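This report refers to the structure that appears directly beneath it.
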Amino acid sequence: MTATRVVVVGGGFAAVQFAKTLRGKLSPAECEILLFNAENHMVFHPLLADVAGASINVDAAATPLRQMLPKVGCRTDRVQRIDLAASEIVFDDGRGGLSRLHYDHVVIACGAESNLSIIPGMTEHAFAFKVMRDAIDLRQHIVSQMEQAEAANDPQRRRWHLSFIIVGAGFSGVEVAGEINELVRSSTRFYHNFRKEDVVVSLVHPKDHILPEVAPTLAEFARKKMEKAGITLILNTRAVAATHEGVELNDGRMLIGGTIVCTIGTATAPLVQYLDVPKERGRILTQPDMRVQGHANVWALGDCALIINAHDNKPSLTTGQFAERQGRQAALNLVRVLKGQPTRPFSFKALGELCSIGGYQAVAEMFGMRISGFLAWFLWRSVYLFKLPTWSRRFKVALDWTWDLLFPRDLSFLNSDRAKKFTHAYYRPGDFIQRQGDPARVFSVMEEGQAEVLVSDGPNEPEKVVAVLGKGDFFGNAALMENRPHQTSIRARTVVRLHQASSALFSEMAGSFAPLRELLANAVIRNSDELWRRLPLAKPLLDREPLVSFLDPLAGSPLRKDTTLGDATKCLGESSAGQLIVVGENNRLWGKLDRKDLYQMVARIAVIPPDKREGLTQRKLSDFLQPNPLCVTLQDSPFVAAGTMLQHGIAWLPVVRSLDDAEPVGCIREEKIVDFMLNKVASAKDDAGTSALAPTEQGLKRRAESG
Ligand SMILES: Cc1cc2nc3c(=O)[nH]c(=O)nc-3n(C[C@H](O)[C@H](O)[C@H](O)COP(=O)(O)OP(=O)(O)OC[C@H]3O[C@@H](n4cnc5c(N)ncnc54)[C@H](O)[C@@H]3O)c2cc1C
């Protein structure tokens, strides 16, 4: 008799309990169990907050799967796809290829993923709180924030380093807020530059009470205790955006803070997303025995499944408690299937809820009893100690907790390579990305949006916009290469998303990657040769004129983004200027088309295989053109338009009505500005007898500084 092969996808509460129970019931000769998990360990999520707060060591909340499941085949591989028709899984083979493996039964227990993209800027600036890496990175970051606060001379910057914002006051939000508060406040005695009172921990929640999962009396107790411990609860309020500076709230307030933790937002695991089975709100719908509808050998458990609990006929909660019970009951059902017996529906009465709130306090609702305070905290620790999967982990955690009661928390800062990271950043319209005079720390490349370059002529002179930047532009390179402060400020015009390299990573890349070095060197020459430096008189001359006096009206009606390639090229050929505007929804500016763009489109078409080029001229313009072109508004000065064209080496720019209304109203061309300047310069020479083209003393000085 050949052994039945059961493949388990996942290594969390549900998968581990399933594999353990099945192995206990069937011998390896009867059943081969192969468990595929993306990591080689199981994460015990209830202890992640303790890892972030340094009250236990990082390895205590992660248990190696092969040590927990010695008689199960454990594979550290990500399953890419399940081929339901062929009963095969497709997984990374670790050598860059994909392998297939046949199964008799497959158990999908791959959980859910965190999804920070539900709030703009969270992906770029917040810590998720789901996997071990999140907790480790957060802990390192908190300690580094304290180190930087110690070194900060500016009180505002120090406050920013010492402000921590947690979004979402469910279990994980409350627990992590309590732990961060405890770690930072209890550590202030080791620092000389700040005190407990300087620490701000804020918890933002959209409802009028925290912990919606527990009884209102317990939630109220938790609220009072947390406020007493110094945590600021911001209730009935939503986070609407996150930036480098902090979190914007729906009431318009900006919470300043250098650490943001987002505990809300989940997404369906990619494996489930592409699986062709019935789903509800991204979770796999199962039959009462946890088999997937229409597939007798496919089971789904835990957070990725929607399983009706026969105990109360409600969907099971997405908690470890439920996942573990589902794992056990599904394994028993599989044994019944193999023995030809009828299966049983999933049924479970939840045991209760426990939540630690920091400062040796917790709230608990167990077996109908409600407990709060130190006793609940003691119960919380005892229950989780008992629930840890192995004795070695129980001893480890017990030792760490005892250590934590007797000694201060560990402030060692291990992650030295973080300084060489590539990160992302998000800015709202109006946010400053860099300020003139600030030290250079990062090299930024624009991924999305438009920003403006501002320069001030002197310490007390107001900053003025001199150029506009768009997708693909970069900045920070000159200051980093020359090891000097920024000479310009950069402010977001629209929502801006950036790729950023730290100074350490930038130096390494620029030093070792010759083509990049060349590109950056050329950019420095171009940037430092800006209009206002080359022609000091250009600025006052152009600033005095309204942009509208240089405006060329739109030639004919604009193209639409769904105009076919064939029609668009015909229109371009017929246009006298050879420059056309493309509009999208509501006739707002979407793109631009000129001969340069045509060449780029041809280059793109050239890489399409010849057999796929049929009907190419009928394809939409939007398939080939880049959206969101650089543009200026009617409110900008012609100097800004000239600076932008010069900086980007382009001959014309679309003009829109305003920043809020991107209706195209015409375009501005380099020739017109040059004509105007020549006339002005010539008449200035006639009038004053001196050449306006000659750089002023101040201009020469700036040029020497930038060069
Ligand atoms: C911070 C936090 C605190 C929590 N506290 C509690 C608590 O106190 N009590 C409680 O009951 N619940 C708690 N929960 C909820 C609980 O952790 C989850 O409900 C539980 O982990 C779900 O178990 P699971 O087995 O379905 O998925 P998970 O435990 O998420 O495990 C899924 C596993 O599948 C792996 N995986 C995903 N895709 C693939 C793939 N394609 N190939 C291979 N492997 C893959 C993942 O890497 C992961 O290891 C908490 C959750 C968090 C985030």
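Residues: numbered from 1 along the sequence shown. Every number for a ligand or one of its atoms is a count from 1 in the order of the listing. Note that this is a predicted model, so its numbers are computed, not measured.
- The closest non-hydrogen atom to atom 33 (C) of ligand 1, taken over Gly11, Gly111, Ser114, comes from Gly11.
- Classification of the His105-Trp299 ring pair by plane angle, with boundaries at 30° and 60°, yields tilted.
- Counted within 6.0 Å of CZ on Arg344, heavy atoms from surrounding residues, nucleotides or ligands total 12 or fewer; the atom is thus considered open.
- Among all protein heavy atoms, the one lying closest to atom 37 (C) of ligand 1 is Cys110 O, 3.2 Å.
- Using bins of under 30°, 30° to 60° and over 60° for the plane-to-plane angle, the ring pair Phe322/Phe348 lands in the perpendicular bin.
- No donor-acceptor distance shorter than 3.5 angstrom exists from the side chain of Arg78 to the backbone of Asp92, with no hydrogens or angles considered.
- Contact annotation: Asp77 has at least one heavy atom less than 4.0 Å from an atom of ligand 1.
- Taking any N or O of His45, backbone or side chain, at least one lies under 3.5 Å from an N or O belonging to ligand 1.
- In terms of polar-atom proximity, defined here as any N/O pair under 3.5 Å, Glu113 makes no such contact with ligand 1.
- Both the backbone and the side chain of Phe13 come within 4.0 Å of ligand 1, judged by heavy-atom distances.
- Atom 31 (O) of ligand 1 has as its closest protein heavy atom Gly12 CA, 3.3 Å.
- For the residue pair Trp403 / Asp410, no side-chain donor-acceptor distance below 3.5 Å is found, with atom types taken as modelled.
- Side-chain atoms of Ser27 and Glu30 form a donor-acceptor pair, as typed in the model, at a separation below 3.5 Å.
- The distance criterion of under 3.5 Å between nitrogen or oxygen atoms is met by Ala14 with respect to ligand 1.
- At least one N or O atom of Gly320, backbone or side chain, sits closer than 3.5 Å to an N or O atom of ligand 1.
- When the heavy-atom distances from atom 1 (C) of ligand 1 to Ser172, Gly302, Ala300 are ranked, the shortest goes to Ser172.
- The aromatic rings of Phe127 and His141 sit tilted, their planes meeting at an angle between 30° and 60°.
- Taking distance alone, with nitrogen or oxygen atoms compared against 3.5 Å, Val9 stays at or beyond that limit from ligand 1.
- Side-chain atoms of Ser316 and Asn309 form no donor-acceptor pair, as typed in the model, at a separation below 3.5 Å.
- Arg409 and Glu179 are joined by a salt bridge, as a carboxylate oxygen and a charged side-chain nitrogen come within less than 4.0 angstrom of each other.
- With salt bridges taken as basic N to acidic carboxylate O contacts below 4.0 Å, none links Arg328 and Glu324.
- In Met42, neither the side chain nor the backbone holds a heavy atom less than 4.0 Å from any atom of ligand 1.
- In terms of protein heavy-atom proximity, atom 23 (O) of ligand 1 is nearest to Ala323 CB, 3.6 Å.
- Counting only heavy atoms of the protein, atom 44 (N) of ligand 1 lies nearest to Ala38 N, 3.1 Å.
- Here is the list of ligand 1 atoms found below 4.0 Å of a heavy atom in Glu39: 47 (O), 49 (O).
- In terms of polar-atom proximity, Asn37 is counted as a contact of ligand 1, with an N or O under 3.5 Å from an N or O of the ligand.
- The backbone N or O of Val292 sits nowhere less than 3.5 Å from a side-chain atom of Thr286 that would complete a donor-acceptor pair.
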Criterion side chain to side chain contact (heavy atoms under 4.5 Å, CB included) on Arg325 and Phe346, from CA distance to verdict: CA-CA 9 Å; Arg325 297 300 157 133; Phe346 173 70; 3.9 Å; yes
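- The closest approach between any non-hydrogen atom of Phe129 and ligand 1 is below 4.0 Å.
- Of the polar atoms of Val79, at least one N or O is found under 3.5 Å from an N or O of ligand 1, judged by distance alone.
- Some N or O of Asp303 is nearer than 3.5 Å to an N or O of ligand 1, by distance alone.
- Nearest to atom 34 (O) of ligand 1 by heavy atom, out of Ala15, Gly10, Pro270, Cys304, is Gly10.
- Heavy-atom distances between Tyr384 and ligand 1 reach below 4.0 Å in at least one pair.
- For ligand 1, the atoms sitting less than 4.0 Å from at least one non-hydrogen atom of Phe36 are 43 (C), 44 (N), numbered in the order shown with element in parentheses.
- A salt bridge (Lys or Arg N to Asp or Glu O under 4.0 Å) with Glu88 holds for exactly one of Arg100, Arg5, Arg81; it is Arg100.
- Heavy-atom separations between Ala109 and ligand 1 include at least one value shorter than 4.0 Å.
- Among protein heavy atoms, the minimum distance from atom 5 (N) of ligand 1 is reached at Pro46 CA, 3.8 Å.
- Between Tyr384 and Trp380, the ring planes are perpendicular. Angles over 60° get that label, and only those under 30° would be called parallel.
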Salt bridge (Lys or Arg N to Asp or Glu O under 4.0 Å) between Asp134 and Lys130, worked out: CA-CA 6 Å; Asp134 298 334; Lys130 175 81 184 165; over 6 Å; no
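- For ligand 1, the atoms sitting less than 4.0 Å from at least one non-hydrogen atom of Thr318 are 19 (O), numbered in the order shown with element in parentheses.
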